[in-house]
Colleague: 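Shown below is the structure under consideration.
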Amino acid sequence: MDPRLKREIMLENYENPMNRGLVEDDSYIKVNTNNESCIDNLDLMYKIENHKIVDIRFDGEACAISTGATSMMIKNLIGKTKEEVLSILENYENMIHEKEYDSTVLGELNVYNEIYKQPNRKKCALLPFESLRKIVDKM
Amino acid sequence: MYREDFPILNNDLIYFDNGATTLKPQKVIDAVVDYYSNYTANAHRGDYDNSLKVDMKYEEVRTKVKNLINCDSEKEIIFTSGTTDSLNRIVFGYMKHYLHAGDEVLITKAEHASNVLPWLELEKEIGIKVKYIPLENHLVTIENVKNSITEKTKVISLAHITNVLGDVRPVLEIGKLCRDRHILFVVDGAQSVPHIKVDVKQLNIDFLAFSAHKMLGPTGVGVLYGRYELLEQLQPTIVGGGMNSSFTSTGEVEYKSLPSRLEAGTPNIAGVIGMGAAIDYLMSIGIDTITEYERHLKHYFLEKVKDIPKVIVYNQDVEGGLIAFNIDGVFSQDTAVYLNHYHICVRAGNHCAKILKEDLLVKNTCRISFYFYNTEEEIDKLIEVLRNSEDIFKIVL
């Protein structure tokens with residue numbers, strides 16, 4: 001992918017992220033996620049019905065990469081079954097850690113395929129997916 | 001000043017993260033290497049030449065620290081692994097036995113984690129009450145200290161200079177207040193001892209904690225100062241070799257006198273010797289010269305940054321050589337990554353003062369913390385990079 005296009009997608013998702021703002025609704029599962037650098041702090045809410053993710057909301061303060069990755073993750077996961085979610089999670093983590101992965105399931109998230117070049121930012125790109133790990137068993 | 005003494009500055013590096021740790025001059029590096037290369041031995045153990053030399057060098061540093069903070073005796077100086085270790089020992093070695101349920105300890109929301117968490121643990125353990133002195137525009141005022149004191153207040157524990165905003169607390173007045181009201185005064189000197197004169201007698205400080213690595217010395221070594229009568233009562237939180245005079249299988253144990261009683265195990269000998277070299281080096285420059293120069297740098301930066309409206313400075317008016325800022329609309333970590341692209345090292349985050357955000361309303365900031373080897377030219381470069389930050393996301397993303 002052209003680096004300029006990648007940056008545009010990242011910036012667009014950072015500046016106008018999908019589903020920012022939490023809702024007062026007990027049917028959502030709420031997860032807080034903290035980067036080990038202790039800076040980023042995101043709250044995510046997942047609504048699961050019939051083993052499918054039907055909605056995700058988020059809010060918090062985080063860097064451009066964490067915020068952008070959260071937005072892209074939300075877009076990708078809504079409507080997915082547990083099996084599909086696990087596949088996205090595994091392939092995304094493999095991509096970040098430079099292992100073999102299937103890019104076809106990752107959509108926009110493919111923009112982070114070179115984040116390993118900045119090792120200190122890998123954590124940022126993985127941050128929203130840490131919250132996903134915490135809820136996937138409940139699907 | 002003195003840049004040629006710091007080998008790391010031969011690289012293309014602008015280091016503005018001195019609040020986290022400082023760079024090391026060749027003399028400190030040499031002192032550590034000399035111990036490892038030429039006279040390695042344990043302390044307080046052997047009768048051979050090198051061991052005696054180690055003893056001498058190690059104990060010499062106690063005198064240097066004593067002179068640095070102007071306490072009465074070398075016996076009041078305990079070598080620890082750093083400020084966190086020192087504060088933990090004060091809380092769990094002394095306060096745990098001295099305080100009772102319901103006794104109040106005053107701190108603030110701007111303290112470093114290491115001056116909050118031990119107290120919160122003790123609160124759970126023995127039922128003391130941790131209370132927060134309200135901050136006035138993020139600062140500690142003597143009025144608010146006075147108003148926070150009740151008849152149950154037994155301890156006030158504060159950073160001399162905070163690591164987030166760099167404000168210098170009115171410790172002289174607080175020290176007097178504590179003395180008059182029989183309150184123990186604990187001071188976290190991690191950010192002050194390297195930068196300003198700290199005289200424990202003049203300031204009526206009962207316990208002082210600080211780290212070598214924030215004052216040109218090696219990591220993993222620091223100081224716990226305690227007034228002699230108090231230190232005598234401080235129970236060792238670690239026991240073992242080097243600190244006992246005798247023990248029997250039936251459990252009769254006798255510990256050594258100060259300071260050995262509080263230094264169990266083989267100490268960080270290389271670290272302590274390195275710290276000694278760091279103190280010598282600082283004294284040769286003069287702490288007052290350092291204080292003055294850092295303030296000059298801070299004002300120089302503030303003057304230059306005035307005409308960059310998108311840079312928001314949160315601590316214009318505080319004395320210490322530290323700037324807390326953000327670029328408007330940019331997350332602090334993104335700013336730090338951007339500056340790193342130009343080899344400018346700053347710290348982003350909440351700087352281990354996680355509860356300050358409740359007061360500051362800004363969760364994260366970028367922090368520039370100066371030391372005497374920083375220059376106006378480095379600040380000029382920083383200003384230029386901040387001014388040209390429209391393309392920040394081209395660099396960060």
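Proteins get letters first, then strands, A, B, ... in listed order; numbering begins at 1 in each. All values derive from a computational prediction rather than experimental measurement.
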Colleague: Does A/K134 NZ have over 12 foreign heavy atoms under 6.0 Å away?
Modeller: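 Above 12, so yes.
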
Colleague: For atom NZ of B/K394, decide whether the heavy atoms of other residues, nucleotides or ligands shown that lie under 6.0 angstrom number more than 12.
Modeller: no

Colleague: Would the number of heavy atoms belonging to other residues, nucleotides or ligands and lying under 6.0 Å from NE2 of A/H97 be above 12?
Modeller: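 Count over threshold, so yes.
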
Colleague: If you measure from CZ on B/F331 to OG1 on A/T67, what distance do you get to the nearest 0.5 Å?
Modeller: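 Interatomic distance, B/F331 CZ to A/T67 OG1, rounded to 0.5 Å: 7.5 Å.
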
Colleague: Above 12 or not: heavy atoms from other molecules or residues under 6.0 Å from CD of B/E390?
Modeller: yes

Colleague: If we ignore hydrogens and angles and just use 3.5 Å, is the side chain of B/D334 paired with the main-chain N or O of A/C63 as donor and acceptor?
Modeller: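 Side chain of B/D334 to backbone of A/C63, a donor-acceptor pair under 3.5 Å: no, none is there.
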
Colleague: Write down the atom of B/V337, the atom of A/Q118, and the distance for their closest heavy-atom approach.
Modeller: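 That would be CG1-OE1, 4.5 Å.
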
Colleague: Looking at A/N50, I want to see if its CG is surrounded by more than 12 non-hydrogen atoms of other residues, nucleotides or ligands under 6.0 Å.
Modeller: no

Colleague: Check step by step if side-chain contact (heavy atoms from CB on, under 4.5 Å) holds for A/S66 and B/Q333.
Modeller: CA-CA 11 Å; A/S66 291; B/Q333 190 185 14; 5.7 Å; no

Colleague: Among residues 3-31 of chain A, which ones touch chain B with a heavy-atom distance under 4.5 Å?
Modeller: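 Expected list: A/R7, A/M10, A/L11, A/Y14.
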
